[in-house]
2 protein chains.
Amino acid sequence: MDETHSSIKKGRKYAQVIEGARTVFLRDGFEGASVDDIAREAKVSKATLYSYVPDKRVLFLEVAGLEATRQADAFTERMDENQPPHVLLPSAGRKILDFLLSDFGTAVYRIAVAESLRFPEVAQRFYESGPGLVQKRLSQYLATATARGELVIEDIELAAEQFAELCKVRLVPMRIFQMVHDIDEAQKQEIVDSAVAMFLARYGTSR
Amino acid sequence: MDETHSSIKKGRKYAQVIEGARTVFLRDGFEGASVDDIAREAKVSKATLYSYVPDKRVLFLEVAGLEATRQADAFTERMDENQPPHVLLPSAGRKILDFLLSDFGTAVYRIAVAESLRFPEVAQRFYESGPGLVQKRLSQYLATATARGELVIEDIELAAEQFAELCKVRLVPMRIFQMVHDIDEAQKQEIVDSAVAMFLARYGTSR
DNA sequence: GCTCAACTAAACCAATCCGTTTAGATTCTC
DNA sequence: GAGAATCTAAACGGATTGGTTTAGTTGAGC
């Protein structure tokens, strides 16, 4: 593997630094995180940290970039395109919702939103390899299902975005705005089911 | 009007201070805003500012609270409950979308998300008097329309949230994540129309 | 014209933070 | 085990910030 990837990494504790930065940035955001905290968390001296990375801003971009691709990889797990919508959509919806409600998912979203003014490129990259990727894979499935005659959709990309959006109803805002009246498993299922019902009422065939 | 409202306001330049704080907080967020900036923006000395407000945090809470109620008032404009869904929903959807896409709406949302960890009570208040209020008024309408037999809805509140969520599709994330490929009027109409179409496909009666 | 409350500008304090430097310890390679 | 590369702890400089204090100004009411 070619390691000239980024041209700013040299020594052997690079991974430690990134991991520590990840932890602290996700916990405290960009402004809230201090470089001393990060160095402490990474069990590394500040001097070595600064031997890897020219400044805090670049460190953040590095971490955010890695997170984006990690997020992308997580969603690259294939879904079985042969299954009919009323079978596939519930499980896909659950996967989306579970991610958005996870500690990690909310932290990432929070930072992307908070830092989108300071770092527009970070926000965009997150969008493209987060929601964007989901929408892309979903569109792909919807296209084949439509070709099979199981769905009738004029604007496939729009339909995919609508479905993803429907999965966020109620629970995602509640989570983000810290109104965590115990996150119920049954509630999650209810939301996803209602998203599927709505989607099929609009784009389903027979039924 | 009783002016013992909050017990921390005294002098005559209180409004100036709040207005300056509003400007700077909305522009720079909580951490990004410096008290000196706010004082300068308000054309007030830092000493007077601190004679009104004990610290920066409380100032932020004060501003955020006022913004929340302002937001609430804006949506309290009555909508004509006698109109049928296919007439009322598009205009309601447009109102929601226009707010979310406005400079003010995005700034408020950004701050609420970014500061929801530091100030859970702010985030909650925003939710309740922002999305929460919209959902409440929408629910009210959906209930009467259902009573008139124009809609068939089991869970009214859920339906209201679904509609609001559908209005956010595509454009709201694009706006928040700074991918502002010119915000087209036609696009907005397209999103709202598709939201209405989906909603009526699920909950509409004969048509 | 005096008083008193609100205001101002500016200096100031203590804390924090980013980033650098120094002086030395550890580890890797040969 | 010598020497080079990498690391460490700690201190430091310079800048910013939240909040206080001081010394002085403005202006309305009497």
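A note on names: the letters A, B, ... follow the listed sequences, proteins ahead of strands, and every chain is numbered from 1. Quantities reported herein were computed from a predicted structural model and do not represent experimental measurements.
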Whole Å only: how far is the [atom1] atom of [X] from the [atom2] atom of [N]?
X: Asp28(A); N: dT16(C); atom1: CG; atom2: C1'; result: 14 Å
X: Gln16(A); N: dC7(D); atom1: CD; atom2: P; result: 9 Å
X: Tyr52(A); N: dT20(C); atom1: OH; atom2: P; result: 16 Å

Nucleotides 16-30 of chain D: protein proximity per nucleotide (B base, S sugar-phosphate only, - neither; heavy atom, under 4.0 Å): --BBBB---------

Side-chain N,O (Thr48(B)) to OP1/OP2 (dT8(C)) below 4.0 Å: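 Yes.
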
Axis deviation across the helix from dG1(C)-dC30(D) to dC17(C)-dG14(D), five-pair ends, to the nearest 10°: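 Comparing the first five pairs with the last five, the axes sit 20° apart.
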
Pairwise side-chain contact, Leu59(B) with Phe25(B), heavy-atom cut-off 4.5 Å (strictly under):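 The answer is yes, as the side chains (C-beta and beyond) meet within the 4.5 Å cut-off.
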
Indicate whether the side chain of [X] and that of [Y] have a donor and an acceptor atom separated by less than 3.5 Å.
X: Glu62(A); Y: Tyr14(A); result: yes
X: Gln140(B); Y: Glu81(B); result: yes
X: Ser51(B); Y: Thr48(B); result: no
X: Arg202(B); Y: Gln162(B); result: no

Side-chain donor/acceptor of Arg125(B) to backbone N/O of Ala68(B), under 3.5 Å: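 No, Arg125(B) side chain to Ala68(B) backbone: no donor-acceptor pair under 3.5 Å.
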
Any donor-acceptor N/O pair, Arg175(B) side chain to Leu101(B) backbone, under 3.5 Å: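 Pair found, side chain donor or acceptor close to backbone of Leu101(B).
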
Aromatic Phe30(A) / basic Lys56(A) pairing, under 6.0 angstrom, 45° off normal: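 Verdict for Phe30(A): a cation-pi partner in Lys56(A).
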
